**Student:** 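Sharing a structure here in structure tokens format.
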Amino acid sequence: MSRSTQSGPSQRMLRVGEQVRHALSETLQRGEVIDPVIENSVVSVSEVRMSPDLKIATAFVSPLGAGDDNAVVEALNRHAKFIRGRVSGALRQMKYMPEFRFRLDTSFDNFAKINELLKSPEVARDLGDGKNNDKDED
């Protein structure tokens, strides 16, 4: 019986991704990566998505206090092999050490846009009209 395509990551991918996120966060927090761009900012690792074979870890990061977020992501990608070596001690239970890829996490920007839309006068007016219509029907 063939397996149908999954709609999302497996439990194993989620669990390993969370373990990798913790190990990566600790490594970055200790300041083991020597790079002026990374040293001058605090890097928050919000999520790590693992490939189905667990050989590629895509880390979504949010640099805080950095002038150029993209420069921090580029610096992390330049030092990905070094970071992989530093994280390997915390992930020694894994058969293969994943290759790290860093991406800018834009989810907070999306949340801010949605929040602004919800606070707009047009939406407030529509929500207000909806409440009044419900009361009129009773």
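For the numbers below, each heavy atom of this structure counts, side chains included, while hydrogens, waters and symmetry mates do not. Given the structure is predicted, the values throughout are model-derived calculations rather than measurements.
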**Student:** Answer with yes or no whether the hydrophobic clustering places M94 together with L24; edges join I, L, V, M, F, W, Y residues whose side-chain heavy atoms lie under 4.5 Å apart.
**Tutor:**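 Linked, M94 and L24 end up in one cluster.
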
**Student:** List the residues meeting side chain to side chain contact (heavy atoms under 4.5 Å, CB included) with A23, not counting sequence neighbours, and say none if there are none.
**Tutor:**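 For A23, the residues satisfying side chain to side chain contact (heavy atoms under 4.5 Å, CB included) (neighbours in sequence not counted) are V87, A90, L91.
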
**Student:** Could you walk me through whether I56 and M50 pass side-chain contact (heavy atoms from CB on, under 4.5 Å), step by step?
**Tutor:** CA-CA 6 Å; I56 298 174; M50 300 300 296; over 6 Å; no

**Student:** Tell me if a side-chain donor or acceptor on S46 pairs with a main-chain N or O of F60 at a distance below 3.5 Å.
**Tutor:**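 Side chain of S46 to backbone of F60, a donor-acceptor pair under 3.5 Å: yes, one is there.
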
**Student:** Are there over 12 heavy-atom neighbours, none belonging to R15, within less than 6.0 Å of that residue's CZ?
**Tutor:**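 More than 12 heavy atoms, drawn from other residues, nucleotides or ligands, come within 6.0 Å of this atom.
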
**Student:** Can you tell me how far apart NZ (K95) and CG (L54) are? Round to the nearest 0.5 Å.
**Tutor:**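 K95 atom NZ to L54 atom CG measures 11.0 Å (nearest 0.5 Å).
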
**Student:** Is R84 reaching over with its side chain to a backbone N or O of M97, donor-acceptor style, under 3.5 angstrom?
**Tutor:**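 Yes: the side chain of R84 pairs with the backbone of M97.
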
**Student:** Mind checking side-chain hydrogen bond (donor to acceptor under 3.5 Å, both in side chains) for T106 and listing every partner two or more places apart, or none if nothing turns up?
**Tutor:**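 side-chain hydrogen bond (donor to acceptor under 3.5 Å, both in side chains) list for T106, sorted by chain: empty.
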
**Student:** If you round to the nearest 0.5 Å, how far is OG1 of T58 from CZ of F100?
**Tutor:**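 The distance works out to 10.5 Å.
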
**Student:** Considering non-hydrogen atoms only, spot the tightest contact between L64 and S44 and give its length.
**Tutor:**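 L64 and S44 have their closest heavy atoms at CD1-CB, 4.5 Å.
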
**Student:** Considering the options L76, D105, V48, which one meets the side-chain contact (heavy atoms from CB on, under 4.5 Å) requirement together with V61?
**Tutor:**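 So, applying the side-chain contact (heavy atoms from CB on, under 4.5 Å) to V61 and each of L76, D105, V48, only L76 qualifies.
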
**Student:** Applying salt bridge (Lys or Arg N to Asp or Glu O under 4.0 Å), which residue pairs with at least one partner in residues 16-32 are found, sequence neighbours left out?
**Tutor:**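 Non-adjacent pairs meeting salt bridge (Lys or Arg N to Asp or Glu O under 4.0 Å): E18-R21, R30-E32, E32-R86.
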
**Student:** Working to the nearest 0.5 angstrom, can you tell me the gap between R78 CZ and I83 CD1?
**Tutor:**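 Answer rounded to 0.5 Å: 10.5 Å.
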
**Student:** Before giving the answer on side-chain contact (heavy atoms from CB on, under 4.5 Å), spell out for E74 and V72 the whole-Å C-alpha distance, their side-chain angles and the decisive distance to 0.1 Å.
**Tutor:** CA-CA 5 Å; E74 289 172 12; V72 174; over 6 Å; no

**Student:** Are more than 12 heavy atoms, taken from residues, nucleotides or ligands other than Q93, located less than 6.0 Å from that residue's CD atom?
**Tutor:**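 Yes, enclosed.
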
**Student:** Locate the shortest heavy-atom distance separating V73 from F102; write the atom from each residue and the value.
**Tutor:**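 What the structure gives for the nearest pair is CG1-O, 3.5 Å.
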
